[in-house]
Asker: 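Quick one: the structure is below, and I'll ask about it shortly.
Quick note: numbers below take in every heavy atom, side chains included, and nothing from hydrogens, waters or symmetry partners. One-based numbering along the sequence shown.
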Amino acid sequence: EGKTDRLIGAAAPDFDLVRLDGARVKLSAYAGKIVILDFWASWCAPCMQLMPQVDKVAKEFADQGVVLISVNLGERPEQIRTVMDRLKLSTTVLLEPDGQVAARYGATNIPLTVIVGRDGKIAALCTGYLKGEVLLEAALAQAGVKVAPEILAKAKLDQANRDAMR
């Protein structure tokens, strides 16, 4: 936490990265949207569990302007395509070869999921993943996404369980 906690409310660092298909992508191009940035690598088991969940949640809230940008840390395109095929995901994947963007977001531990609000500021961050958690949905609520009250109640329990494990 520490460094990542200080990012909440700050302007999300812009970046210009190459997408898996070779096109360039800037975060600033998504102004006015709520962006889920998912930092991951294929060697990270919790990342592999989280990715289908993040994809599902992003699709569920797409009608509220939520978009998912998956940021892979330092792996070759062939490796990434294999993972995406295995997980049956068609998410936008950006290549982060040197870790500079991840460092600006405090992604020293992955998975790290960053919610960027419509205003371009970091609304919330989620680190790690435990199966069944709904912390991502609660994080989206921090950015103004309408989330069912029962999901938010479960998220409070999920957070309390995490806090108890520390």
Side-chain angles (χ1 to χ4, degrees), residues 1-4 6-8 10-137 139-140 142-143 145:
E1 276 150 86
K3 183 180 180 190
T4 53
R6 290 194 300 274
L7 292 172
I8 294 176
D14 198 10
F15 54 73
D16 183 350
L17 293 173
V18 175
R19 209 167 52 195
L20 193 54
D21 67 7
R24 298 204 73 86
V25 174
K26 291 182 99 154
L27 177 63
S28 53
Y30 291 88
K33 299 273 190 194
I34 295 170
V35 179
I36 302 172
L37 289 177
D38 181 31
F39 291 91
W40 67 281
S42 66
W43 49 260
C44 163
C47 297
M48 296 296 91
Q49 293 176 334
L50 177 62
M51 285 177 67
Q53 176 65 19
V54 174
D55 187 64
K56 177 177 158 276
V57 170
K59 286 177 178 157
E60 183 180 339
F61 294 106
D63 63 337
Q64 293 188 52
V66 174
V67 295
L68 169 60
I69 299 175
S70 175
V71 183
N72 177 271
L73 304 182
E75 295 181 298
R76 294 187 325 277
E78 313 81 69
Q79 285 176 285
I80 298 166
R81 282 189 195 95
T82 300
V83 168
M84 300 306 282
D85 289 347
R86 189 179 78 232
L87 297 176
K88 296 177 178 49
L89 298 175
S90 57
T91 309
T92 297
V93 178
L94 303 184
L95 308 175
E96 222 289 52
D98 57 17
Q100 289 184 13
V101 172
R104 290 167 61 203
Y105 281 91
T108 51
N109 295 318
I110 55 173
L112 173 67
T113 310
V114 179
I115 308 301
V116 180
R118 295 181 203 284
D119 59 1
K121 292 185 177 166
I122 296 174
L125 299 113
C126 302
T127 52
Y129 176 68
L130 297 171
K131 193 164 174 53
E133 283 184 335
V134 293
L135 296 176
L136 177 58
E137 291 89 330
L140 285 170
Q142 297 291 313
V145 173

Asker: Quick check on side-chain contact (heavy atoms from CB on, under 4.5 Å): which of Ile110, Val54, Leu50, Leu135 does Tyr129 satisfy it with?
Answerer: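 Of the listed residues Ile110, Val54, Leu50, Leu135, the side-chain contact (heavy atoms from CB on, under 4.5 Å) partner of Tyr129 is Leu50.
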Asker: Is there a side-chain contact between Ile34 and Val116 in this structure, where contact means two heavy atoms from C-beta onward sitting under 4.5 Å apart?
Answerer: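 They are not in contact (no side-chain heavy atoms under 4.5 Å apart), so the answer is no.
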Asker: Once side-chain hydrogen bond (donor to acceptor under 3.5 Å, both in side chains) is applied, what residue pairs with a partner in residues 50-67 remain, sequence neighbours excluded?
Answerer: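 Listed once each, the pairs are Asp55-Lys59, Asp55-Thr91.
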Asker: Tell me which pairs pass side-chain hydrogen bond (donor to acceptor under 3.5 Å, both in side chains) where either residue lies in residues 25-36, with sequence neighbours left out.
Answerer: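 Those involving residues 25-36 are Asp14-Ser28.
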Asker: Which pairs, with at least one residue in residues 42-51 and sequence neighbours excluded, count as a side-chain hydrogen bond (donor to acceptor under 3.5 Å, both in side chains)?
Answerer: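 Counting only pairs at least two positions apart or across chains, the side-chain hydrogen bond (donor to acceptor under 3.5 Å, both in side chains) contacts touching residues 42-51 are Ser42-Glu75.
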Asker: For Cys47, what residues pass the disulfide bond (SG atoms under 2.5 Å apart) criterion, not counting sequence neighbours?
Answerer: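 With sequence neighbours excluded, Cys47 shows a disulfide bond (SG atoms under 2.5 Å apart) to Cys44, given in chain and number order.
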Asker: Quick one: closest heavy-atom pair of Leu68 and Ala58, and the distance?
Answerer: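 The answer is CB-CB, 3.7 Å.
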Asker: With a 4.5 Å cut-off on side-chain heavy atoms, are Asp38 and Val71 touching?
Answerer: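 No; the side chains remain at least 4.5 Å from each other.
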Asker: Mind checking whether Met84 and Ser90 have side chains closer than 4.5 Å, heavy atoms only?
Answerer: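 Side chain of Met84 against side chain of Ser90, heavy atoms only: no contact under 4.5 Å found.
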Asker: Judged by atom type as modelled, is there a donor-acceptor pair below 3.5 Å linking the side chain of Arg81 to the main-chain atoms of Leu20?
Answerer: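 Yes; judged by distance alone, with no hydrogens or angles, the pair exists.
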Asker: Evaluate side-chain contact (heavy atoms from CB on, under 4.5 Å) for Ile115 paired with Val35, printing each intermediate quantity in order.
Answerer: CA-CA 6 Å; Ile115 308 301; Val35 179; over 6 Å; no
Asker: Could you give me the CA-CA distance, side-chain angles and deciding distance for Leu17 and Leu95, then say whether side-chain contact (heavy atoms from CB on, under 4.5 Å) is met?
Answerer: CA-CA 6 Å; Leu17 293 173; Leu95 308 175; over 6 Å; no
Asker: For Arg86, give me all partners under salt bridge (charged side-chain N to carboxylate O under 4.0 Å, His left out), at least two apart in sequence or on another chain.
Answerer: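 Salt bridge (charged side-chain N to carboxylate O under 4.0 Å, His left out) list for Arg86, sorted by chain: empty.
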Asker: Hey, which of Asn72, Asn109, Thr113, Val101 is the one that makes side-chain contact (heavy atoms from CB on, under 4.5 Å) with Phe39?
Answerer: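 Going through the options one by one, the only one that passes is Val101.
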Asker: Nearest 0.5 angstrom please: Leu94 CG to Leu73 CG, how far?
Answerer: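 Between Leu94 CG and Leu73 CG, I get 11.0 Å after rounding to 0.5 Å.
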Asker: Do Ile36 and Leu140 come close enough that some side-chain heavy atom pair is under 4.5 Å?
Answerer: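 Answer yes - side chains close enough.
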Asker: In chain order, what residues pass the side-chain hydrogen bond (donor to acceptor under 3.5 Å, both in side chains) check against Arg19, with sequence neighbours excluded?
Answerer: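 By the side-chain hydrogen bond (donor to acceptor under 3.5 Å, both in side chains) rule, Arg19 matches Asp21.
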Asker: Search all heavy atoms of Met51 against all heavy atoms of Ser70 and return the closest pair with its distance.
Answerer: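 It is CE-OG, 4.3 Å.
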Asker: Just how far is it from atom CG of Asp16 to atom CG of Leu27, taken to the nearest 0.5 Å?
Answerer: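 It is 10.5 Å, given to the nearest 0.5 Å.
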Asker: CD1 of Ile122 to CD of Gln142: how many Å apart, nearest 0.5 Å?
Answerer: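 So the gap between those two atoms works out to 13.5 Å.
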Asker: Assign the ring pair Phe15 / Tyr105 to parallel, tilted or perpendicular, where the plane angle (0 to 90°) is split at 30° and 60°.
Answerer: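 Plane angle over 60°, so perpendicular.
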Asker: Given side chains that start at C-beta, do those of Val66 and Val145 come closer than 4.5 Å, heavy atoms only?
Answerer: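 Side chain of Val66 against side chain of Val145, heavy atoms only: contact under 4.5 Å found.
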Asker: When rounded to the nearest 0.5 angstrom, what distance separates OG1 in Thr82 from CZ in Arg76?
Answerer: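 Separation between the atoms: 9.0 Å.
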Asker: Closer than 3.5 angstrom, by distance alone: can the side chain of Glu96 be matched with the main-chain N or O of Ala102 as a donor-acceptor pair?
Answerer: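 Yes, because the side chain of Glu96 sits within donor-acceptor range (under 3.5 Å) of the backbone of Ala102.
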